[in-house]
Amino acid sequence: MDEEFERITNELDEDAKITLSNKAAKMLEFLKSPDRITTICKDIAQHYRDKVEPQGFKAMIVTPDREACHLYKLELNKYFPDSASAVVISTSGKGDDELKRLYSLTKDEQEKLIEKFNKPESELKFLIVTAKLLTGFDSPILQTMYLDKALKDHTLLQAICRTNRKFPNKTFGRIVDYFGVFDDAAKALEFDEEVMSKVITNLNALIEELPKAMEETLTHFAGVDRTIDGFDGLQAAQNAIDTNEKRDAFAADYRRLANIWESLSPDPSLEPFRNDYKWLSNVYQSVKPSGPEALGKLIWLSMGAQTKRIMYENIHVEGIHTDMEEVVLDEAMVSALMDKKDMKAAKRMERELIKRFKKHADKPIFIELSKRLEALRDKAEQGLITSIEFIKELCQIARETLQAEKMEANTEVRKTGKEALTELFMELRTEDTPAVVGRIVTDIDSIVKIVRFPGWQTTNAGEREVQKALRKTLLKYKLHKDENLFSKAYLYIREYY
């Protein structure tokens, strides 16, 4: 550098050389050197795609000054579309005419830009700033800050807190430090070192913590063979944590491990632990509560994006099997079974009947048939009937099932809108309901047929007109105050008209 400087300043006097040297040697000029910005933006692009984007979060880039914001924007455009990033700087001062032209925003425009950034589905992924939005900016979707500026004390602490807003599946904020601010975090923040260690954790500390966290999580499964795949392997793991207390203790340790993993991934330091982590994640998913009973248990949280990616990478689908045996339950099958007395075929019929009963689980006739099948199976298991008797009775149940299904189909086909409404009004009628149910239904049927049109259920105008017609008819019979009746009648009209 000295030799090159001497060459280009050969014709200048000593005072001019010193002035130029002092100006060129400023830290700011070093930070904005093209090669450095190129290197950092390449790293940001890789880091964002690996660690931030898969989780659905967004990022902020903090640069040394307004010109640096522009330079970062140009370089970042090489990796992402122009719409993926936006510069937010102050343009109210003198000078910087080009920057004003490119990035000047009114207060309203800035608010709309931030609103767009906060939407998960928007293409805006990065905000590039130098001073604006470092304090008082509340964006829950912002998880990562790429920091390339000298910040300290309360300014640094407030900047850190930009990544600290709660958001679904967000368990930490991340600062990627290109400047060296965190070489001594306690000094930079001028706060108690022990207090700051609770706020800021260096990734190197997480790497050191990983083996212990893994070991403690695996201790819940002492003696379990983790090489066994599939259902048997999961069953053995679940048996090891067979009480709510044990499962919750495992969940707490797993969540701590998962937070470390999500923070570090895809760091190479994770590789030796990958198989064990995948195994633990499968176990966690298999015992995780679902439904209302899971609410309120903070240790039972959803998996992070990096963890899901590991699991998905190890799920392989070979294709759809089309060579499986088809079971058709009809009269021909019943007759064939009676002729051949084939116990294997009887078992197939038995499974098919169970499937049919589940399909009609709310119908009394199918409930009764299901009970008869269960009683028949109990007799067979106790050896109270012969295989021939079993097949005969099974075939009888099958015949009655087919007949019941035919009756059910015929009933559904026959039912018209008027019949459906009549059934509803008869079911919901009270002492105040007029005796002339038939006339009410006829009036509703007539007026709905007048106002409806094809596809009315999918338009606001159609739904409005039909609801109006229904309310008008109910008012005629002084039933307009019965909201339950109105709601159910409208649902029937949607289905049958």
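Note that this is a predicted model, so its numbers are computed, not measured.
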Quiz prompt | Thr217 side-chain N/O to Ala213 backbone N/O, donor-acceptor pair under 3.5 Å | solution = yes

Practice problem: Using side chain to side chain contact (heavy atoms under 4.5 Å, CB included) as the criterion, list what pairs up with Gln46, not counting sequence neighbours. | Solution: Asp50

Practice problem: Without swapping roles, check the side chain of Lys73 against the backbone of Ile128 for a donor-acceptor pair under 3.5 Å. | Solution: no

Quiz item: Is the shortest distance from a Lys or Arg side-chain nitrogen in Glu209 or Lys212 to a carboxylate oxygen in the other one below 4.0 Å?
Solution: no

Quiz prompt | Side-chain ion pair, Lys112 and Glu115, N-O less than 4.0 Å | solution = no

Quiz item: Does the distance from a Lys or Arg side-chain N to an Asp or Glu carboxylate O, for Arg372 and Glu400, drop under 4.0 Å?
Solution: yes

Exercise. Could you tell me which non-hydrogen atom of Leu394 sits nearest to which non-hydrogen atom of Leu376, and how far apart they are?
Key: N-CD2, 3.7 Å

Quiz item: Between Arg256 and Glu216, does at least one N-O distance fall below 4.0 Å, as a salt bridge requires?
Solution: yes

Quiz prompt | Near-ring test Phe126/Tyr48, centroid separation under 6.0 angstrom | solution = yes

Exercise. Report yes if the side chains of Phe366 and Thr401 come closer than 4.5 Å at any heavy-atom pair, otherwise no.
Key: yes

Quiz item: Does Phe221 have any ring-ring contact (aromatic ring centres under 6.0 Å, His included) partners at least two apart in sequence or in another chain, and if so, which?
Solution: Phe250, Trp279

Exercise. Would you mind reporting whether Met60 and Val88 have side-chain heavy atoms less than 4.5 Å apart?
Key: no

Quiz item: Step by step, would you call His220 with Tyr254 a ring-ring contact (aromatic ring centres under 6.0 Å, His included)?
Solution: CA-CA 10 Å; His220 296 278; Tyr254 174 83; over 10 Å; no

Quiz item: Which atoms form the tightest heavy-atom contact between Ile141 and Pro120, and what is the distance?
Solution: CD1-CA, 3.6 Å

Quiz item: Tell me, do Arg174 and Thr163 make a side-chain contact under 4.5 Å, heavy atoms counted?
Solution: no

Quiz item: Within 45° of the six-membered ring axis of Phe80 and under 6.0 Å from that ring's centre, is NZ or CZ of Lys125 located there?
Solution: no

Quiz item: With no hydrogens and no angle check, is any side-chain donor or acceptor of Ser122 less than 3.5 Å from a backbone partner on Lys116?
Solution: yes

Self-check item: Contacts of Pro140 that satisfy side chain to side chain contact (heavy atoms under 4.5 Å, CB included) - sequence neighbours left out
Solution: Asp138, Arg165, Phe167

Quiz item: Within the distance-only criterion (no hydrogens, no angle test), does the side chain of Lys119 pair as donor or acceptor with the backbone N or O of Leu124 below 3.5 angstrom?
Solution: no

